[in-house]
Amino acid sequence: ENRQLFWKALLNKSIERNTLDTIKNIKREHDIGRNYAVFSIEKDQGVVDKDTPRCIFHQYKRSDTKSKIKVNPKILQKSIKDFLKNKKIYSYYQGYLDIAVYFRVLFYQKETSKNSDYYLKFLDLFTNLFVLDYISPLEEGKNLYAIVIKVLNSFINICNHTLYTYLQENDFILYSVISWVLTFLTHNVSNFDIICRIFDYLIVSPPYTIYIISALILIDSFETISEEDLDEDAATKISLAFKSIELNDLDYDNIINRTEYILTHNELDIAKIINQYKDDLYWTFNNSINGIDIVTRNNSVEYQVMQFKKFLRKNTIGRVKLNHI
């Protein structure tokens with residue numbers, strides 16, 4: 001209930017400040033003189049059809065012992081296809097449906113309700129604030145996956161240069177974790193409560209924060225490998241370690257605390273990455289349109305968290321443990 005209140009407040013603030021129109025105008029100017037790959041709505045809708053049977057909803061449903069999750073995947077499938085058709089500017093990518101599932105479950109209303117597609121307003125806002133680089137048509141000649149891998153490895157280098165060196169020589173290992181970034185972990189974590197916890201933090205953080213979280217998870221896995229194993233066949237050992245990560249079992253409070261430390265203590269390292277990749281990932285690394293900042297117009301994560309907590313205090317009756325927000 002509190003998450004719904006916060007997202008609604010964020011959406012209302014965005015509408016008040018014409019955020020989506022502002023982004024649309026910036027995008028129009030940014031796209032002048034650039035050549036983009038042609039995308040097909042029909043082809044995208046075919047990918048949605050293939051994604052539906054394997055989307056995260058089915059894992060949520062199995063792990064939800066209280067049977068609270070009642071989303072009909074076929075109706076979800078249709079609403080996303082209609083959403084893409086109406087937008088005409090999003091080039092659907094595999095895994096995006098899992099982000100949609102998060103908002104559909106969070107804002108669940110019976111499919112027979114007139115407001116059953118209400119969640120799409122929040123999906124659209126999140127898409128514009130956080131994943132526009134991935135869902136916009138790509139510039140000709142750009143390889144999104146290669147860019148994501150390079151950026152992720154650059155963030156790994158901030159905390160563990162040894163792993164960075166290994167991955168420089170064997171970057172194919174990171175292809176298995178690209179979905180962590182492109183879906184903000186919604187495709188990979190099958191516990192809905194954990195995804196909610198992760199989003200609580202990501203929504204008040206810069207769009208590139210997901211790279212830091214992903215980097216820390218990989219570094220923790222790498223550090224369990226002995227030096228002897230690395231001497232034998234490092235690439236194989238690292239690859240196996242990454243594939244064996246159980247994302248549902250991790251201590252995300254710890255990971256979030258460490259992520260926040262990096263954000264506040266490694267500004268120069270992060271600034272170098274931003275400068276290096278701001279052209280490749282324009283919406284992720286442009287400080288003037290950085291995620292929720294374009295709504296709040298304030299660059300302080302601490303300030304945003306404070307406002308979030310003040311909002312919850314005002315709209316609850318003491319049932320929320322604020323130290324866990």
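Contact annotation: the side chain of Ile217 never approaches that of Val177 to less than 4.5 Å [non-hydrogen atoms, C-beta and beyond]. Contact of the Ser79 side chain with the Tyr119 side chain is registered, since non-hydrogen atoms from C-beta on lie closer than 4.5 Å. Contact of the Glu223 side chain with the Ile219 side chain is registered, since non-hydrogen atoms from C-beta on lie closer than 4.5 Å. Phe107 is listed as a side-chain neighbour of Trp7, based on a closest heavy-atom distance under 4.5 Å. Asn86 places none of its side-chain heavy atoms less than 4.5 Å from the side chain of Phe83. Residues Tyr211 and Ile273 have side chains not in contact (no heavy-atom distance under 4.5 Å, counting atoms from C-beta outward). For the pair Ile262 and Cys159, the minimum side-chain heavy-atom distance is below 4.5 Å. Between Val47 and Tyr93, the closest side-chain pair of non-hydrogen atoms is not below 4.5 Å.
Distance check, rounded to the nearest 0.5 Å: CZ of Arg3 to CD1 of Ile203 gives 12.5 Å. Put simply, OG on Ser136 and NE2 on His30 are 9.5 Å apart, with the number rounded to the nearest 0.5 Å. Between the CG atom of Leu230 and the OG1 atom of Thr236 there is a distance of 11.0 Å, given to the nearest 0.5 Å. If you take CG on Asp82 and CG on Leu120, they are separated by 9.0 Å, rounding to the nearest 0.5 Å. Separating the CG atom in Asn157 from the CG atom in Leu163 is a distance of 9.5 Å, to the nearest 0.5 Å. Atom CG in Leu167 sits 11.0 Å away from atom OG in Ser154 (nearest 0.5 Å).
At a threshold of 4.0 Å, the pair Lys78-Asp117 does not count as salt-bridged, since none of the basic side-chain nitrogens sits closer than that to a carboxylate oxygen. Looking at Asp171 and Lys150, no side-chain N of the basic residue comes within less than 4.0 Å of a carboxylate O on the acidic one, giving no salt bridge.
The shortest non-hydrogen separation linking Ile270 to Phe155 is CG1-CE2, 4.2 Å. Shortest non-hydrogen contact noted between Glu267 and Leu263 is CG-O, 3.9 Å. The heavy-atom pair separating Ser205 from Phe130 by the smallest distance is O-CE2, 3.5 Å. Nearest heavy-atom pair across Ile56 and Thr186 is CG1-O, 3.3 Å. Closest approach of Ala37 to Pro137, counting heavy atoms only: O-CB, 3.8 Å. Closest approach of Pro207 to Phe184, counting heavy atoms only: O-CZ, 3.8 Å.
Side-chain atoms of Asn153 never come within 3.5 Å of backbone atoms of Ile149 as a donor-acceptor pair (strictly under, hydrogens ignored). Side-chain atoms of Asn25 come within 3.5 Å of backbone atoms of Asp21 as a donor-acceptor pair (strictly under, hydrogens ignored). In this structure, Asn266 contributes its side chain and Asp269 its backbone to no donor-acceptor pair below 3.5 Å. In terms of modelled atom types and a separation under 3.5 Å, the side chain of Ser244 and the main chain of Leu240 share a donor-acceptor contact. Using modelled atom types, one side-chain atom of His265 and one backbone atom of Tyr261 make a donor-acceptor pair closer than 3.5 Å.
In this model, a donor atom of one side chain and an acceptor atom of the other lie less than 3.5 Å apart for Ser179 and Asn188. Side-chain N/O atoms of Tyr90 and Asn128 include a donor and acceptor closer than 3.5 Å. For the residue pair Asp251/Asn254, the side-chain donor-acceptor check at 3.5 Å is not satisfied. Counting only N and O atoms by type, the side chains of Gln77 and Asn72 include no donor and acceptor under 3.5 Å apart. Side-chain contact of Tyr201 with Glu260: a donor-acceptor pair under 3.5 Å is present, judged by distance alone. When only modelled atom types and interatomic distance are considered, Asp98 and Thr183 share no side-chain donor-acceptor pair under 3.5 Å. Side chain to side chain, Glu139 and Asn35 fail the donor-acceptor criterion of an N or O pair below 3.5 Å. Judged by distance alone, the side chains of Asp133 and Tyr282 never bring a donor and an acceptor atom under 3.5 Å apart.
Considering Ile26, Leu129, Asn290, Val131 as possible partners of Trp283, the one that fulfils the side chain to side chain contact (heavy atoms under 4.5 Å, CB included) test is Ile26. Between Tyr96 and the options Asp51, Thr127, Asp44, a side-chain hydrogen bond (donor to acceptor under 3.5 Å, both in side chains) holds for only Thr127.
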Run the side-chain contact (heavy atoms from CB on, under 4.5 Å) check on His187 and Leu97 step by step: do they pass? CA-CA 9 Å; His187 179 71; Leu97 185 61; over 6 Å; no
One pair to check against salt bridge (charged side-chain N to carboxylate O under 4.0 Å, His left out): Arg197 and Asp193. What are the steps and the verdict? CA-CA 6 Å; Arg197 175 67 186 96; Asp193 291 331; over 6 Å; no
For side-chain contact (heavy atoms from CB on, under 4.5 Å), just list the numbers for Ile245 and Leu218, CA-CA rounded to whole Å, side-chain angles, deciding distance to a tenth of an Å, and then say yes or no. CA-CA 8 Å; Ile245 296 172; Leu218 295 175; 4.2 Å; yes
Show your working on side-chain contact (heavy atoms from CB on, under 4.5 Å) between Phe126 and Phe199 and close with a plain yes or no. CA-CA 11 Å; Phe126 181 84; Phe199 267 63; 3.6 Å; yes
What verdict does the side-chain contact (heavy atoms from CB on, under 4.5 Å) test give for Leu216 and Ile212, after you've listed the backbone C-alpha separation in whole Å, the side-chain angles of each residue and the deciding distance to 0.1 Å? CA-CA 6 Å; Leu216 289 175; Ile212 303 176; 4.3 Å; yes
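Put simply, Tyr164 and Leu268 are part of two different groups of oily side chains (I, L, V, M, F, W, Y) that touch within less than 4.5 Å, one to the next. Residues Tyr36 and Tyr92 do not share a hydrophobic cluster, clusters being chains of Ile/Leu/Val/Met/Phe/Trp/Tyr side chains in contact below 4.5 Å. Residues Leu123 and Ile15 fall within the same hydrophobic cluster, defined by Ile, Leu, Val, Met, Phe, Trp and Tyr side chains chained together at heavy-atom separations under 4.5 Å.
For Tyr277 and Tyr208, the ring centers are positioned 6.0 Å apart or more.
The aromatic rings of Tyr118 and Phe122 sit perpendicular, their planes meeting at an angle over 60°, well past the 30° parallel limit.
Other residues, nucleotides and ligands place no more than 12 heavy atoms under 6.0 Å from the NZ atom of Lys121. Atom NZ of Lys142 has more than 12 neighbouring heavy atoms from other residues, nucleotides or ligands inside a 6.0 Å radius.
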